[in-house]
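Data first, discussion second: the structure below is written as structure tokens.
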Amino acid sequence: MARRFRGESHHKVDSKGRVSIPASFRRVLEAGDPNWKSGETPELVIVYGDHRRNFLECYTMQAIDEVDDQIADLPRGSMERKMLQRLFHGQSFPTTVDETGRLVLPAKLRQKIDIENEAFFIAAGDTFQIWKPETYDKEELAKTEEWLDELPEDFDPLVFLDGKTGG
């Protein structure tokens, strides 16, 4: 089983778009890059998607290969395949981690999610997301809190792992 991203953190973004990747995330990127060797920098793919996406989704090479395989299994010429190719192939940016453990986010990507001086990183299993901190707090954190507020105080989200629905 592949290593998973875990945790969240805030990092400064410099004027050239360089931002440090959390060290634990770098280890997962290395493990998820079949071409990576010690002393080299791992590759990844940043999917920025359409106008509705307010974050960048960063995939290990192994994770993006799985998505690519699933897209390739769709019927050639189908609308689903065309749209997924556009979203995951066309609206993405292949890159590498630099030798100091940083990503260089091009101006286009920084502008898309309105990042200036700080980025918020949050793990999402086999991917991680980069958000403008204020956007994450307003949109995603609020959704989580709203969802939790609708559940009973003693609700345990682990019941979803058993295929049960809670309270």
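We count residues from 1, following the sequence as given. Values below: all heavy atoms of this structure, side chains included; hydrogens, waters and symmetry mates excluded.
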### Query
Any salt bridge (charged side-chain N to carboxylate O under 4.0 Å, His left out) pairs touching residues 81-101, not counting sequence neighbours?
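Salt bridge (charged side-chain N to carboxylate O under 4.0 Å, His left out) check on residues 81-101 returns D98-R102.
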Under a single-linkage definition using a 4.5 Å side-chain heavy-atom cutoff for Ile, Leu, Val, Met, Phe, Trp and Tyr, are [X] and [Y] assigned to the same hydrophobic cluster?
{"X": "W36", "Y": "V45", "result": "no"}
{"X": "F93", "Y": "M61", "result": "no"}
{"X": "I130", "Y": "F25", "result": "yes"}
{"X": "L87", "Y": "M79", "result": "no"}
{"X": "F120", "Y": "L56", "result": "no"}

I need the [X] [atom1] to [Y] [atom2] distance, nearest 0.5 Å.
{"X": "S20", "Y": "R26", "atom1": "OG", "atom2": "CZ", "result": "6.5 Å"}
{"X": "T144", "Y": "D149", "atom1": "OG1", "atom2": "CG", "result": "10.5 Å"}
{"X": "E8", "Y": "Q129", "atom1": "CD", "atom2": "CD", "result": "11.5 Å"}
{"X": "E40", "Y": "E30", "atom1": "CD", "atom2": "CD", "result": "10.5 Å"}
{"X": "E80", "Y": "L74", "atom1": "CD", "atom2": "CG", "result": "7.0 Å"}
{"X": "E146", "Y": "L151", "atom1": "CD", "atom2": "CG", "result": "11.0 Å"}

Could you pull out the closest heavy-atom pair between [X] and [Y], with the gap in Å?
{"X": "P22", "Y": "S9", "answer": "CG-OG, 3.2 Å"}
{"X": "Q62", "Y": "A31", "answer": "OE1-O, 4.4 Å"}
{"X": "D68", "Y": "H89", "answer": "OD1-NE2, 3.0 Å"}
{"X": "T96", "Y": "L103", "answer": "O-CD2, 4.1 Å"}

Any [X] side-chain heavy atom under 4.5 Å of [Y] side chain:
{"X": "E43", "Y": "N35", "answer": "yes"}
{"X": "E139", "Y": "W131", "answer": "yes"}
{"X": "S24", "Y": "R6", "answer": "no"}
{"X": "R4", "Y": "D126", "answer": "yes"}
{"X": "N117", "Y": "V13", "answer": "no"}
{"X": "V19", "Y": "I115", "answer": "no"}
{"X": "F55", "Y": "T135", "answer": "no"}

### Task
Quick one: sort the W147 and F155 rings into parallel, tilted or perpendicular, breaks at 30° and 60°.
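Taking F155 first and then W147, their aromatic rings stand perpendicular (interplane angle over 60°).
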### Query
F5 vs F128 aromatic rings, parallel, tilted or perpendicular, using cut-offs 30° and 60°?
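Ring orientation of F5 relative to F128: perpendicular.
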### Side-chain ion pair, K143 and E140, N-O less than 4.0 Å
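A salt bridge links K143 with E140.
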### With F88 via ring pair (Phe, Tyr, Trp, His ring centres under 6.0 Å) - residues at least two apart
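Checked F88 against ring pair (Phe, Tyr, Trp, His ring centres under 6.0 Å); zero matches.
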### Among T127, V47, L44, the one residue meeting side chain to side chain contact (heavy atoms under 4.5 Å, CB included) with C58
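The residue from T127, V47, L44 that satisfies side chain to side chain contact (heavy atoms under 4.5 Å, CB included) with C58 turns out to be L44.
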Acceptor/donor pairs from residues 104-113 side chains to any protein atom, 3.5 angstrom cut, sequence neighbours excluded:
residue, atom, partner, partner atom, Å
K108, NZ, Y48, OH, 3.3
R110, NH1, L105, O, 2.4
K112, NZ, Y48, O, 3.4
K112, NZ, D50, O, 2.8
K112, NZ, R53, O, 2.6

